[in-house]
Colleague: 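Mind having a look at this structure? Questions to follow.
Note: hydrogens, waters and symmetry copies are ignored here, and every other heavy atom, side chains too, is used.
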Amino acid sequence: MGFLAKKIMTVLVTGGAGFIGSHTCVELLNSGYDVVIIDNLVNSSAKAVDRIEQITGKKVAFYEVDVRNRAALDRIFERHAISCAIHFAGLKAVGESVQMPLEYYDNNLFCTVRLCEAMRDHGCKNIIFSSSATVYTGTDPMPLREDSITGGCTNPYGWTKYMSEQILRDMAKADSDWSVLLLRYFNPIGAHPSGLIGEDPRGIPNNLMPYISQVAIGRLPYLNVFGDDYDTPDGTGIRDYIHVCDLASGHVAAIRYMLEHRGESVFNLGTGQGYSVLDIVKSFERVTGVKIPYKIGARRAGDLPVTYASPDKSAAILGWKAKYDLDDMCRDSWNWQKKNPNGYGDRAQDSQE
């Protein structure tokens, strides 16, 4: 297994109570890793940690900590023999980032810097970073490949991902002991098949699938579709949607790759298949039997007509490939929402929408 095989036993997961983080923790635990979760619960729930343990039958160490708190990070590294970190923690709403740029830069960039400082000082130099397709420019031809042009981001959230990638890239260049994997996600949807964990956004959802699910459960009256005049088959925007469990398995594949490789590497985690907004609506209606009313509105500024990944590099090098289809994503999203009509139900705004 290589020079890290015996060392990587405990994985630190920042933002591990969030949507992608919680599913990744399940995958890690089921793959034989120990897990330590850090999450400040600003956009997540401690109940997710309990559900992770319920699904896997295994305990995790959980710390309600802001990743920018260096003293707390030091205490956690002193308490646990951490060999690898998966860094999810960060603010993530594109629209909110436009309204609150300073908060996004402060939180997302300093989370990355403080975490890497603590890792360096405690001899842990293996990090997987939760990046995003937002780092690619709006002029790249499709499909997006790892060597497509990046930069020119259209919002502060995207810039924080781009800048964090650069910080990590420079760090790996300066110190050859580091192994840095930059995983660029496309559009994760779905939920764990158990229905115990899933996506639980604050307030009105920013993303398509939780919005559809909340319309289906009756929390919202209808879906807003932003534009139906794009140059696509049905006029609505096309995106690469990936099941969150597939995304989680990609992180385990990334750790396995890290066992043998130093330096910095970039991988797309997507399906290579684009689906339109109305494709998602039709699939959801087909597999659930629930009608989704929607209204067509104006385009949103900055939205591209078509975005989807080439997953070829991940398949060839990581040995990873998405296995769930769109119907699976819709079915599992609805299963989560039906079983948890108010999400985890522990935030005041959940009952006030």
Colleague: Could you walk me through whether Arg120 and Glu117 pass the salt bridge (charged side-chain N to carboxylate O under 4.0 Å, His left out) test, one step at a time?
Modeller: CA-CA 5 Å; Arg120 176 196 62 195; Glu117 287 175 343; 5.2 Å; no
Colleague: Out of Tyr257, Trp320, Phe88, which one pairs with His251 under the ring pair (Phe, Tyr, Trp, His ring centres under 6.0 Å) rule?
Modeller: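 Testing each of Tyr257, Trp320, Phe88 against His251, the sole residue satisfying ring pair (Phe, Tyr, Trp, His ring centres under 6.0 Å) is Phe88.
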Colleague: If you look at every heavy atom in Ala118 and Asp74, which pair is closest and at what distance?
Modeller: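 Heavy-atom minimum between the residues: CB-OD1, 4.2 Å.
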Colleague: Can you tell me if Asp328 and His243 form a side-chain donor-acceptor pair at under 3.5 Å?
Modeller: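 Looking only at side-chain atoms, His243 and Asp328 do not form any donor-acceptor pair under 3.5 Å.
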Colleague: Look at the side chain of Arg239 and the backbone N and O of Asn187, then say whether any donor-acceptor pair between them is shorter than 3.5 Å.
Modeller: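 No.
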Colleague: Shared ILVMFWY cluster between Leu73 and Met171, side chains joined below 4.5 angstrom?
Modeller: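 In one cluster with Leu73: Met171, yes.
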Colleague: Ion pair present between Lys282 and Asp234, side-chain N to carboxylate O less than 4.0 angstrom?
Modeller: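 Looking at Lys282 and Asp234, the cut-off is not met.
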Colleague: Taking only residues two or more places apart in sequence, or in another chain, which ones meet Asp50 in a side-chain hydrogen bond (donor to acceptor under 3.5 Å, both in side chains)?
Modeller: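 With sequence neighbours excluded, Asp50 shows a side-chain hydrogen bond (donor to acceptor under 3.5 Å, both in side chains) to no residue whatsoever.
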Colleague: Quick one: do Thr160 and Asn108 satisfy side-chain hydrogen bond (donor to acceptor under 3.5 Å, both in side chains)? Show the steps, please.
Modeller: CA-CA 6 Å; Thr160 65; Asn108 292 5; 3.1 Å; yes
Colleague: Is there a chain of hydrophobic side chains (I, L, V, M, F, W, Y, each step under 4.5 Å between heavy atoms) that links Met163 to Leu168?
Modeller: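 Different clusters: Met163 never reaches Leu168 through Ile, Leu, Val, Met, Phe, Trp or Tyr contacts under 4.5 Å.
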Colleague: For Tyr344 and Arg51, which I'm curious about, is there any donor-acceptor pair between the side chains at under 3.5 Å?
Modeller: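 Short answer, no.
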Colleague: State whether the side chain of Arg262 and the backbone N or O of Asp177 hold a donor-acceptor pair below 3.5 Å, judged by distance alone.
Modeller: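 Side chain of Arg262 to backbone of Asp177: a pair is present.
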Colleague: If you measure from the Lys or Arg side-chain nitrogens to the Asp or Glu carboxylate oxygens, is any gap between Asp312 and Arg145 under 4.0 Å?
Modeller: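 So Asp312 pairs with Arg145 through a salt bridge.
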Colleague: Name the residue from Leu115, Thr10, Ile82 that meets the side-chain contact (heavy atoms from CB on, under 4.5 Å) definition with Cys124.
Modeller: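 Looking at Leu115, Thr10, Ile82, the match for Cys124 under the side-chain contact (heavy atoms from CB on, under 4.5 Å) is Ile82.
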Colleague: How long is the span from the CD1 atom in Ile280 to the CD atom in Glu285, to the nearest 0.5 Å?
Modeller: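 If I round to the nearest 0.5 Å, the distance is 12.0 Å.
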Colleague: Could you give the distance from OG (Ser276) to CG (Asp228), rounded to the nearest 0.5 Å?
Modeller: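 Going from OG on Ser276 over to CG on Asp228, the span is 11.0 Å.
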Colleague: Might you work through the side-chain hydrogen bond (donor to acceptor under 3.5 Å, both in side chains) test for Glu199 and Asn207, ending with a clear yes or no?
Modeller: CA-CA 10 Å; Glu199 189 168 9; Asn207 297 327; 3.2 Å; yes
Colleague: Could you point out which residue of Leu28, Thr24, Val60, Val36 forms a side-chain contact (heavy atoms from CB on, under 4.5 Å) with Val13?
Modeller: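 Of the listed residues Leu28, Thr24, Val60, Val36, the side-chain contact (heavy atoms from CB on, under 4.5 Å) partner of Val13 is Leu28.
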Colleague: At what distance, to the nearest 0.5 angstrom, does CG of Leu183 lie from CG of Leu269?
Modeller: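 Going from the CG atom of Leu183 to the CG atom of Leu269 covers 5.0 Å.
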Colleague: Examine distances only and state if a side-chain atom of Lys339 and a backbone atom of Ser194 form a donor-acceptor pair shorter than 3.5 Å.
Modeller: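 The answer is yes, because a donor-acceptor pair under 3.5 Å joins these two groups.
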Colleague: Can you label the angle between the Tyr241 ring and the Tyr275 ring as parallel, tilted or perpendicular, going by 30° and 60°?
Modeller: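 The rings of Tyr241 and Tyr275 sit tilted, inter-plane angle from 30° to 60°.
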Colleague: Between the side chains of Glu96 and Tyr104, is a donor N or O closer than 3.5 angstrom to an acceptor N or O?
Modeller: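 Yes, Tyr104 and Glu96 have a side-chain donor paired with an acceptor closer than 3.5 Å.
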Colleague: Could you check whether Phe19 and His192 have their ring centres less than 6.0 Å apart?
Modeller: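 Centroid distance His192-Phe19: not below 6.0 Å, so no.
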Colleague: Ring centroid separation for Trp178 and Phe129, is it under 6.0 angstrom?
Modeller: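 Here the rings of Phe129 and Trp178 have centres that are no less than 6.0 Å from each other.
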Colleague: In the structure I gave you, are the side-chain heavy atoms of Met329 and Phe284 within less than 4.5 Å of one another anywhere?
Modeller: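 They are not in contact (no side-chain heavy atoms under 4.5 Å apart), so the answer is no.
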Colleague: Would a distance-only check, ignoring hydrogens and angles, find a side-chain to backbone donor-acceptor pair under 3.5 Å from Ser97 to Tyr157?
Modeller: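 Flag set: sc Ser97 to bb Tyr157 pair under 3.5 Å.
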Colleague: Is it true that Ile292 and Leu220 fall in one hydrophobic cluster, defined by side-chain heavy atoms closer than 4.5 Å?
Modeller: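 They do share one cluster, since a chain of ILVMFWY contacts under 4.5 Å joins Ile292 to Leu220.
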Colleague: Using a strict 4.0 Å threshold on nitrogen-to-oxygen distance, state whether Asp327 and Arg286 make a salt bridge.
Modeller: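 Salt bridge flag = yes for Arg286 with Asp327.
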Colleague: How many angstroms lie between CG in Asp106 and CZ in Arg68, if you round to the nearest 0.5 Å?
Modeller: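 One gets 5.0 Å once the value is rounded to the nearest 0.5 Å.
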Colleague: Tell me every residue that passes side chain to side chain contact (heavy atoms under 4.5 Å, CB included) with Asp240, counting only those two or more places apart in sequence or in another chain.
Modeller: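 Asp240 satisfies side chain to side chain contact (heavy atoms under 4.5 Å, CB included) with Phe186, Thr271, Tyr308, Ala309 once adjacent residues are dropped.
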Colleague: Are the side chain of Asp39 and the backbone of Ala17 linked by a donor-acceptor contact shorter than 3.5 Å?
Modeller: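 Confirmed, Asp39 side chain pairs with Ala17 backbone.
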Colleague: Please name the pair of heavy atoms, one in Thr137 and one in Gly151, separated by the smallest distance, quoted to 0.1 Å.
Modeller: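 Taking Thr137 first and Gly151 second, the nearest heavy atoms are CG2-O, 3.0 Å.
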Colleague: Between the side chain of Ser213 and the main-chain N/O of Met209, is any donor-acceptor distance below 3.5 Å?
Modeller: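 Side chain of Ser213 to backbone of Met209: a pair is present.
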Colleague: Is it true that Lys161 and Glu165 have a side-chain N and a carboxylate O under 4.0 angstrom from each other?
Modeller: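 Not counted as a salt bridge, because no side-chain N and carboxylate O are separated by less than 4.0 Å.
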Colleague: Kindly say whether Ala89 contributes a backbone atom to a donor-acceptor pair with the side chain of Thr14 at under 3.5 angstrom?
Modeller: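 Judged by distance alone, yes, a pair lies under 3.5 Å.
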Colleague: Test your reading of the model: is there a side-chain donor-acceptor pair from Asn340 to the backbone of Gly195, 3.5 Å cut-off?
Modeller: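 Side chain of Asn340 to backbone of Gly195: a pair is present.
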Colleague: Decide whether Ser130 and His87 meet the rule of one side-chain donor and one side-chain acceptor closer than 3.5 Å.
Modeller: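 No.
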Colleague: Out of curiosity, does Ile242 fall in the hydrophobic cluster containing Ile238 (side-chain heavy atoms, cut-off under 4.5 Å, transitive links)?
Modeller: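 No: no chain of side-chain contacts under 4.5 Å links Ile238 to Ile242.
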Colleague: Consider only side-chain heavy atoms of I, L, V, M, F, W and Y, link residues closer than 4.5 Å, and tell whether Met258 and Leu247 are in one cluster.
Modeller: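 Yes, Met258 connects to Leu247 through the hydrophobic network.
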Colleague: For Phe226, does the CZ atom sit with more than 12 other heavy atoms under 6.0 Å from it, leaving out its own atoms?
Modeller: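 More than 12 within 6.0 Å, yes.
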Colleague: Between atom CD1 of Ile255 and atom CD1 of Ile128, what is the distance when rounded to the nearest 0.5 Å?
Modeller: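 Nearest 0.5 Å value for the CD1-CD1 distance: 4.5 Å.
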Colleague: Taking only Lys NZ, Arg NE, NH1 and NH2, and the carboxylate oxygens of Asp or Glu, determine whether Asp246 and Lys323 approach each other closer than 4.0 Å.
Modeller: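 Salt bridge flag = no for Lys323 with Asp246.
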Colleague: Is the positively charged end of Lys313 above the ring of Phe267, judged by distance under 6.0 angstrom from the centroid and angle within 45° of the axis?
Modeller: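 Positive - Lys313 is close enough to the ring of Phe267 and near enough to its axis.
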Colleague: Quick one, His261 with Ser179, criterion side-chain hydrogen bond (donor to acceptor under 3.5 Å, both in side chains). Give me CA distance, side-chain angles, the key distance, then yes/no.
Modeller: CA-CA 7 Å; His261 298 85; Ser179 181; over 6 Å; no
Colleague: Check this for me, if you would: do Lys173 and Glu264 make a salt bridge, where the nitrogen-to-carboxylate-oxygen distance has to be below 4.0 angstrom?
Modeller: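 Salt bridge between Lys173 and Glu264, a charged N being under 4.0 Å from a carboxylate O: no.
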Colleague: Quick check: does any side chain N or O of Arg202 sit under 3.5 Å from a backbone N or O of Ser44, one acting as donor and the other as acceptor?
Modeller: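 No, Arg202 side chain to Ser44 backbone: no donor-acceptor pair under 3.5 Å.
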Colleague: Does CZ in Arg79 sit with more than 12 non-hydrogen atoms of other residues, nucleotides or ligands closer than 6.0 Å?
Modeller: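 No - once you tally the heavy atoms of other residues, nucleotides and ligands closer than 6.0 Å, there are 12 at most.
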Colleague: What distance separates Ile55 CD1 from Leu29 CG, expressed to the nearest 0.5 Å?
Modeller: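 Rounded to the nearest 0.5 Å, the CD1-CG separation comes out at 10.0 Å.
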Colleague: Without swapping roles, check the side chain of Glu146 against the backbone of Asn268 for a donor-acceptor pair under 3.5 Å.
Modeller: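 Present.
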